[in-house]
Amino acid sequence: MTVQTIDNNIDNGVDDVIFDCLKLEAPKSFFLFAGAGSGKTRSLVNVLERFEIQYGKQFRLERKKIAIITYTNAAADEITHRLKHSSIFHVSTIHSFAWGLIKNFSDDIKLWLKNNLQAEISKLEAEQGKSRNLQNKTSQDRAKKISSKSKRYTNLEKIVKFTYNPNGDNITKDSLNHTEVISIAAFFINQKELMQDILVCKYPIVLIDESQDTKKDLVDSFFQLQERKKDTFSLGLFGDTMQRIYTDGKENLGRNLPSDMIQPEKKMNHRSNKRIISLINNIRKDVDGQEQIPRKEKEEGVVRFFICNRGLDKKEVEKNISSRMSIITKDLKWDSDSEEHEIKTLILEHHMAARRMGFLDFFVPLYKVSKLKTGLLDGSLGSVNFFTKIILPLVNAFESDDKFELARIVKKHSRFLKKETLQKSSNQVKDIRKVNDALSSLFLLFSNNKNPSLLAVLKNIYQTQLFAIPESLLPIASREDNAMPDEEDNSDEILNAWDSALLSSFSQVREYDTYLSENSKFGTHQGVKGLEYDRVMVIIDDEESGGFMFSYDKLFGVIGLSAKDEKNIDEGKETGIERTNRLFYVACSRAKESLAIVAYTDSLEKVKGTIRSNNWFAENEIEMINEI
C-alpha cells in the first residue's frame, strides 16, 4: 500500500508556467491544482518575487497591484511577511477585498439592499400567507423577520454611508453583514461596467487562494470578468476540490474550465511520509483519481485505525491509544505520560472542542447566531475580544502578581488614564484613585480562586467605568437586574445569545482563548486546513459532535443513506457522505510522520468491514477496542 517516488524536482516547471501567465504583455488565466502539502504557498511566493523583479517598477509608476485573496487573516499575514510587505501586492481576505471594491458606492449599495430586502420580505409574506396557525413559533419568528426587514428597508433612506468591519460584529443600522458584502461585490463585478474597469485597472492580476472554498457567486463573477477582459486581466486560482470544506464554495471547481485557462498541476506532497500519502490517495481515488507522490527521502510512516466501543471512557481510551502509538512508532512523543508528549488531536466540529475543553456554555449560544459565527471562529469578534484581549490578560496579570503588565493594560485601555483625559482632569490623583478602586472591585470577584460569571464581570466594569463597554454589550451591561431583554430592532437574537453566554463562568473564556490561539491540543478538521503536524490523532464520533452536515457513520457503513441522500444522488447534488469524505481527507493529510484515527461506534464490525473493502487500511493497521 505504498506509493512510488520519483525526482523531488518534478514540480519545478509549475512555477515557470504560472509566471508565464502573469506576464503583462500577454496575460493568461490559470487554475493550479495543488493537493495537500504540495507547497502551494511556496510557489505563490516564488512567482511573485520574480514578478517584483521584472514588473515592480512599472506597477509602482502606474499604481497597480496584484490582489492576493486568502481565506484567513493568518494566511494573509504570512504571505505579506514572505513577500516582505512589498507595495505592489495587496494581500487580504476575501471579505476585506470585496469591501474595498464596493465601499464607495453607497447609492448602488442602497439600491441593491432595497431590491434584496423587497424580495426577502415578499418571500416571507408569501410563506406567512400559507401558514395555518399564526401563533406557532415558526409563524411568530417569521413575523419578527418581516418586521425587522421592513424597519431596515425604511431606515435605508437615512443612511448616507455604509460601514463594515471584516473582523467585527456589524450590527449597527448602517452596517452590512459578511454575506451581503460578498453578494454585493459579486453583483457589481458581474453587472457594472464601471466596477469591472476599476477592478482591472487597479488589479490587472487577481490570485485566489483556497478558491474551492471561496463563495460560488464571487468565483463565478471573476470567471465572467476574465471572459470579458482576457486581454488585460489574469485570474489565477489555487485550489483542490477535495479540500473544499464549506458548503457555499463552488462545487467541482477545476472541471469545465474555460478552454483558454491554463491548468498546471503539482504532483508532489512535500509534507507527509509515504504511508500517509498512499492513504489519502486511496481516500480520494473514487472522487477524482488524483494521486500525489512523496519526496524521495521520506520514511514509510505509520497509520493506524482504532475502532472503539462508544460506551468506553474516551479520555482513558485516547490515553491508551497514545501509549500504543508510542510503542508502534518507537516515538516517545506519542506517549501521553511522557514529558515530550506532543500530538495534535483533530475533532470534527468546534462545539466538540468546546465540550471537551469546557467552554460549551459560552460558545454554543454565540455560535448559533450567523452574524456572530465568523468572528467567533476566527477570533475577530469585538464583543468577545473585550474579554479575551483586555479582561483575561488583566486577570492573568493580577493572578501572577505582574504589576508592570497590569499597569500597561490599564494605561492602554482605561478611559481614566488616557492622555487627553488626564490633561482635562481637574484632579488627576482622584482619577488614578478611581482606577485603583475599580481594579480592587474587579479582582475581588476573583479572590480566593473564585470563578465569577461573565455577566458579573461585565456589570462590575460598567459600574466602575474602568473600561469602555462594547456597543453590542451595553444594553446588557446597563440593564437593571430585574429587567427583561430588549427585543427591539435587529439585535434581539444577538442580545439573547449574549444573555445566555454571559451566564457562563469566566474560566470558559480562558479555555476558549486557549483553543482559538492553537495552544490547545485540539483542532477541528476545518480549522487546521493548510496546517501540518508530526503526530496527528483524528477523533471520529458522530454522537459527540452532534452535527448534521457530516456523518462518519454513513461514510463507514454503520447507517444507510437517508431519503434526502438518495434524492441528492438522483439529482446530482452533494451528499453528506461526500462532505464527510472530504473532511476525512483533510484531517488525515495534516499528518507528517504518523497518524492515529480513533473511531467511536456501536458497530465495530461494520466499520472494519467498510474500511477494509475500501482498501484504505491493511488488516494489521486496524485495532478493535471493546474494553479498556
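Values below: every heavy atom of this structure, side chains too, minus hydrogens, waters and symmetry copies.
Residues R275 and G301 share a closest heavy-atom pair of CB-O, 3.7 Å. Of all heavy-atom pairs spanning I343 and M537, the tightest one is CD1-CE, 4.1 Å. Shown here for A591 and V536, the closest heavy-atom pair between the two residues is CA-CG2, 3.7 Å. Shortest non-hydrogen contact noted between S594 and M325 is CB-CE, 4.3 Å. Between G239 and F31, the shortest heavy-atom contact is O-CZ, 3.9 Å. S234 approaches C21 most closely through the heavy-atom pair OG-O, 3.6 Å.
The closest side-chain heavy-atom distance from V200 to M195 is not below 4.5 Å. Residues F188 and L101 form no side-chain contact, since every pair of their non-hydrogen atoms from C-beta on lies 4.5 Å or further apart. You'll find the side chain of K103 stays beyond 4.5 Å of the side chain of F162, heavy atoms only. Side-chain contact between R304 and I597 is absent, with no heavy-atom pair separated by less than 4.5 Å. Between L24 and F59 the shortest side-chain heavy-atom distance falls below 4.5 Å. Counting heavy atoms from C-beta outward, H95 and I182 have side chains that approach closer than 4.5 Å. Residues I276 and C588 have side chains not in contact (no heavy-atom distance under 4.5 Å, counting atoms from C-beta outward). Contact of the Q224 side chain with the I189 side chain is not registered, since no non-hydrogen atoms from C-beta on lie closer than 4.5 Å.
Between D20 and K23 there is a salt bridge, since at least one side-chain N of the basic residue sits less than 4.0 Å from a carboxylate O of the acidic one. Ion pair K40/E210 flagged as a salt bridge, since at least one NZ, NE, NH1 or NH2 atom sits closer than 4.0 Å to an Asp/Glu carboxylate oxygen. Remark: E78 engages R82 in a salt bridge, criterion side-chain N to carboxylate O under 4.0 Å. A salt bridge between E532 and R271 is present, with a side-chain N of the basic residue lying under 4.0 Å from a carboxylate O of the acidic one. A salt bridge links K229 and D197; the closest N-O separation between the charged side-chain nitrogens and carboxylate oxygens is under 4.0 Å. Under the 4.0 Å criterion applied to side-chain N and carboxylate O atoms, D16 and R50 are assigned as salt-bridge partners. Under 4.0 Å is where a charged nitrogen must lie from a carboxylate oxygen, and between D260 and K28 no such pair does. Remark: D11 does not engage K267 in a salt bridge, criterion side-chain N to carboxylate O under 4.0 Å. With respect to D240 and R284, a salt bridge is recorded, a charged nitrogen being found less than 4.0 Å from a carboxylate O. A salt bridge links E52 and R60; the closest N-O separation between the charged side-chain nitrogens and carboxylate oxygens is under 4.0 Å.
Atom CD1 of I347 is separated from atom CG of D541 by 10.5 Å, given to the nearest 0.5 angstrom. To the nearest 0.5 Å, atom CG of residue N581 and atom CE of residue M242 are 4.0 Å apart. The OG1 atom of T80 sits 10.5 Å away from atom CZ of F89, with the distance rounded to the nearest 0.5 Å.
Using modelled atom types, one side-chain atom of S29 and one backbone atom of L235 make a donor-acceptor pair closer than 3.5 Å. Side chain of Y203 to backbone of H90: no donor-acceptor contact under 3.5 angstrom is found. Put simply, the side chain of Q196 gets close to the backbone of N190: a donor and an acceptor are under 3.5 Å apart. Judged by distance alone, the side chain of S38 and the main-chain N or O of K266 form no donor-acceptor pair under 3.5 Å. Looking at S322, its side chain does come within 3.5 Å of a backbone N or O of E318 through a donor-acceptor pair. With D15 contributing its side chain and N46 its backbone, the two residues share no donor-acceptor pair below 3.5 Å. Panel note: side chain R535, backbone E342; a donor-acceptor pair is recorded below 3.5 Å. Distance alone, capped at 3.5 Å, is enough to place a donor-acceptor pair between the N177 side chain and the E180 backbone.
Side-chain atoms of S272 and K298 include no donor-acceptor pair closer than 3.5 Å. Under 3.5 Å, the side chains of T163 and D174 contain a donor-acceptor pair of N or O atoms. Using modelled atom types and a 3.5 Å distance limit, the side chains of D209 and T70 yield no donor-acceptor pair. Side-chain contact annotation: E297 with N8, donor-acceptor N/O pair under 3.5 Å present. Side-chain N/O atoms of N269 and R295 include no donor and acceptor closer than 3.5 Å. For the residue pair N385/T388, the side-chain donor-acceptor check at 3.5 Å is satisfied. Defined by atom type and a distance below 3.5 Å, a donor-acceptor pair is present between the side-chain atoms of H178 and Y164.
A ring-centre distance under 6.0 Å is found for Y515 and F359. In summary, the aromatic rings of F238 and F30 are positioned with their centroids under 6.0 Å apart. The ring of Y55 has its center closer than 6.0 angstrom to the ring center of F51. For F584 and W616, the distance between ring centers is under 6.0 angstrom.
In the displayed structure, K285 atom NZ is contacted under 6.0 Å by more than 12 heavy atoms of other residues, nucleotides or ligands. The local environment of CD in Q58 is crowded, with over 12 non-hydrogen atoms from other residues, nucleotides or ligands closer than 6.0 Å. Taking a 6.0 Å sphere around NZ of K161, one finds it holds more than 12 heavy atoms contributed by other residues, nucleotides or ligands.
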For a salt bridge (charged side-chain N to carboxylate O under 4.0 Å, His left out) check, start with the C-alpha distance between D108 and K192, then their side-chain angles and the critical distance, and finish with the verdict. CA-CA 10 Å; D108 298 278; K192 296 188 177 298; 3.2 Å; yes

Walk me through it: do L83 and I68 pass the test side chain to side chain contact (heavy atoms under 4.5 Å, CB included)? CA-CA 11 Å; L83 291 172; I68 302 132; 4.1 Å; yes

